[in-house]
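Please read the structure below before turning to the comments.
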Amino acid sequence: MRFEIPDDKRFTHELVLPIRWGDMDAMGHVNNTVYFRYLEIVRIDWFERMGCAPDPRGVGPVIVNAFCNFYRQLEFPGDVVARHYVCNPGRSSFDTYITLGRTDDPGVVYAAGGAKTVWVDFPAQKSVPLPDAIRALVSGAEPG
């Protein structure tokens with residue numbers, strides 16, 4: 001089953017990650033679990049740049065599902081360019097999507113993944129409404 005990445009997403013962040021020798025598996029390409037690590041790294045980097053990194057004593061983002069479509073094999077050596085997108089704001093959630101390519105093969109998507117992100121009150125362990133600034137960014141509206 002392949003999940004489709006929507007066309008109406010908003011670009012929010014880009015990060016370049018080195019492919020490490022240890023990222024490869026016995027088949028000589030980046031192991032599928034590492035793709036999920038790349039997705040996590042760019043998502044957390046975006047949250048930190050937004051000033052809303054997960055805080056177990058407060059409120060913040062968690063993901064409730066994740067997927068990755070593999071199109072081409074990533075191999076060492078090289079650098080991955082990860083492009084982060086958002087869309088579909090709800091009361092307490094929004095979707096994130098990330099494309100993974102190589103810096104030496106511009107415009108070619110090697111993998112694409114995503115996750116449903118929910119804003120939660122960590123001590124209470126329940127969802128809470130998205131902060132206005134996050135909602136504005138995801139929806140494309142000016143914060144008000």
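Since we're looking at a predicted model, the values are computed, not measured.
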* **Flag side-chain contact, heavy atom, 4.5 Å: Leu74 against His29** => no
* Charged N-O contact under 4.0 Å between Asp132 and Arg135 -> no
* Have Ser139 and Arg10 got a donor and an acceptor in their side chains that come within less than 3.5 Å? -> no
* To do: State plainly whether one hydrophobic cluster holds both Ile98 and Phe47, where clusters connect Ile, Leu, Val, Met, Phe, Trp and Tyr through side-chain heavy atoms under 4.5 angstrom apart.
  => no
* To do: Give a yes or no on whether Leu100 and Leu15 share a hydrophobic cluster (residues Ile, Leu, Val, Met, Phe, Trp, Tyr; joining criterion: side-chain heavy atoms under 4.5 Å apart).
  => yes
* Taking all heavy atoms of Asp104 and all of Arg102, pick out the closest pair and write down the distance. => OD1-NE, 2.8 Å
* Asked: Do Arg37 and Glu40 sit within salt-bridge range, that is, some charged N less than 4.0 Å from a carboxylate O?
  -> yes
* **Check: Ser92 side chain, Ser127 main-chain N or O, donor-acceptor pair, under 3.5 Å** => no
* To do: Can you sort out the partners of Phe36 under ring-ring contact (aromatic ring centres under 6.0 Å, His included), two or more places apart, ordered by chain and number?
  => none
Sequence neighbours left out, cut at 3.5 Å: what donor-acceptor pairs do the side chains of residues 48-66 make with other protein atoms?
residue: Arg49; atom: NE; partner: Asp45; partner atom: OD2; Å: 2.8
residue: Asp55; atom: OD1; partner: Arg57; partner atom: N; Å: 3.0
residue: Asn65; atom: OD1; partner: Lys116; partner atom: N; Å: 3.0

* With the side chain counted from C-beta on, respond yes when Arg72 and Asp105 share a heavy-atom pair under 4.5 Å apart, and no when they do not. => yes
* Asked: Is it true that Lys9 and Asp95 have a side-chain N and a carboxylate O under 4.0 angstrom from each other?
  -> no
* Any idea which heavy atoms bring Gly90 and Leu130 closest together, and the distance? -> O-CD1, 3.6 Å
* Structure fact -> Residue set satisfying side chain to side chain contact (heavy atoms under 4.5 Å, CB included) with Phe67, at least two apart, ordered chain then number -> Phe3, Ile5, Asn69, Tyr97
* Asked: Are Tyr71 and Tyr110 close enough that their ring centres sit under 6.0 Å apart?
  -> no
* Where do Val120 and Val128 come nearest, in terms of heavy atoms and distance? -> C-CG2, 4.0 Å
